[in-house]
2 protein chains.
Amino acid sequence: MKDKSRPCVMLLRKRNWSIFLSLVFITPAIHATPSFAASEDLIKDAKQIFGPPLPEVISSDTNPVTPQKAKLGKMLFYETRVSVDGTVSCARCHPFDLYAADGLRKSIGNQCKVNPRNAPTVLNAAGQISEHWIGNRKDVEDQATQALLGPPSFGMPSYQAAEDVLKAIKGYPPLFQAAFPENKDPVLAENFGKAIGAFERTLVTPSPFDAFLKGDKKALKDNQIQGLKTFMEVGCMTCHSGTYIGGQMYQKFGIFEPYWNYTKSQKIDDGRYEVTKQESDKYVFKVPMLRNVEMTAPYFHDGSVGHLEDAVWIMGKIQLGKDLTKEQKGSILSFLTSLTGTIPEDALKVPILPPSD
Amino acid sequence: MKDKSRPCVMLLRKRNWSIFLSLVFITPAIHATPSFAASEDLIKDAKQIFGPPLPEVISSDTNPVTPQKAKLGKMLFYETRVSVDGTVSCARCHPFDLYAADGLRKSIGNQCKVNPRNAPTVLNAAGQISEHWIGNRKDVEDQATQALLGPPSFGMPSYQAAEDVLKAIKGYPPLFQAAFPENKDPVLAENFGKAIGAFERTLVTPSPFDAFLKGDKKALKDNQIQGLKTFMEVGCMTCHSGTYIGGQMYQKFGIFEPYWNYTKSQKIDDGRYEVTKQESDKYVFKVPMLRNVEMTAPYFHDGSVGHLEDAVWIMGKIQLGKDLTKEQKGSILSFLTSLTGTIPEDALKVPILPPSD
């Protein structure tokens, strides 16, 4: 049975959730619980579902990572002067001390504006099919660039205004020139996004689970191995698959029951419908990555659930139609701890920004 | 003449500005411009005025710095969850990327409340006679503790509420216990302040000027040496003296003319009068340290002047009654760059905070 479910997962990446539903949830044979071997085959099974371990850098054809770009990008990641009230930088909603999330239900941007959704971590984020919960940002470069104008984020009136701020800080133009030697006038909002994107492509957090995927059987503790089995047997990996344990597809939040019956959501979010205006995309969100999930409470698109144990139970209930036992929840939680990785040392070192002139 | 002015500076530390005025500004002999030798005596002169170079750690009798306290303090420095809206930490207004100031005229705290004054850097701040512009915080420990309740900073309703937040994050109690082994129930607001204070006492930034004070004549460039002479000849060092080049006394801002005639202040600030209610303390502020001053625009208690060159000129005009020439301004600016120090490597490494449970 498990042999059937795995190709299905592969097929489904980047596909619409409705196809997914018809294959996985409506077809009983696939929906039934597979039974994974406790033996050495487990690594083989895991490799097939989760694919290769994390890369060292998440590459991009359109924005190759260079040291100059990543260095500038790290500085810009901390730059508050480029926001309309001087208080917002990428680091404000993605501080590394909280694993690049901010601990809030919904992030607070310039002039106390509330963002529409919870801030997902930027760690490993470049590995996803798109950015933001509803996939309305193509990639990390697009996300960073558009954040400049986002009314509840940086809130700048125009890209030109942001570029003017950066040009007025004398230390920046030479750094942009070094990062974008092909541009004659390189202090551009697009390059702001590319530099930050390049930095974010280095934000990869290898964890014990990667060592396990590489074949080190002792990389996971016994309870984490048991948890991995539970995670696969219960069916979590039908969506949370691939190297990033998620981030590869869209899915309706609340397949068996509306999500707001279980979360503490204050309002109903139409999800990806906002992007596509297709009825089938109502309450559809990008499946979040589970890497470092234990470090990034609160959970879900609206941060409406504070405890990971509760989030796991709700997922079982409304996505898989299963009332997970206390033992199953605990087991899955154990597996999830194996996804907590190490933030690159260089990323944790605060850059010094050029002073205002 | 210089021999007269130096003991005067020594006498004046920690004294009221009115005594200072009577000695320095009313006594013409002392107010006249001294002439410092360009010779090797300059180091000797500088040592007498500025005293010893920066210590490695700014010690405290009441809060001895231990590695456990400083480690916990660095974590708490980044902790936003202990603010009423989850957005404020010490690092918000004192980010190391901008040399532990925030680049704003006045800091923005919880729920977008505007702080009454500009955020001074916390680098070397423990070396001052008191904290805050008007000296209404005894020391860095007191400042950090009271920030928890400060309506425009963390805005917590009570110390108890802050302690409850910290206790609910399971990772913290053991760290408090390790830092304060003498306390049975160590998760206390007072210890929050002590831990952060201990961390801040390590935030010492040795600069080329310290090497110069230690006797290395080549530590300063020629224009910085000339700038040091100008700084002393013009009279800046009558207030900006001691190891921290300031931070040791209170002084009226606007001795020769009201400050608001020259700054872009939006309202008149009574200064230390707010603390003492003494008429003589109207418009009196703590003399700010000049260490790292080129990195921490904007300037003055209300951040009303954006450029250091302008701030230097205004100081000459209203504090010393001198219309500094372009050459004198440039020369003083050169000296000020020798005060830009190195932030300790460990301080620049972002700590990982215990996750919410």
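To find a chain, count down the sequence lines: A is the first, B the second, and so on, and within it residues start at 1.
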Closest non-hydrogen atoms of B:Met295 and A:Ile352, given as atom of the first, atom of the second and distance, are CE-CG2, 4.0 Å
If I measure from the heavy atoms of chain B, does A:Leu308 come under 4.5 Å with its side chain, its backbone, both, or neither? neither
Under the rule for ring pair (Phe, Tyr, Trp, His ring centres under 6.0 Å), what residues qualify as partners of A:Phe96, not counting sequence neighbours? A:Phe77
Chain A contact via B:Ile108 - side chain, backbone, both or neither, heavy atoms under 4.5 Å: side chain
N/O donor-acceptor pairs between chain B and chain A, cut-off 3.5 Å:
| residue | atom | partner | partner atom | Å |
| --- | --- | --- | --- | --- |
| B:Asp97 | O | A:Leu353 | N | 2.9 |
| B:His307 | ND1 | A:Asp357 | O | 2.7 |
| B:Leu348 | O | A:Val350 | N | 2.7 |
| B:Val350 | N | A:Leu348 | O | 2.8 |
| B:Leu353 | N | A:Asp97 | O | 2.9 |
| B:Asp357 | O | A:His307 | ND1 | 2.7 |

Most contacts with chain A, counted as non-hydrogen pairs under 4.5 angstrom, among B:Leu348, B:Ile343, B:Leu98: B:Leu348
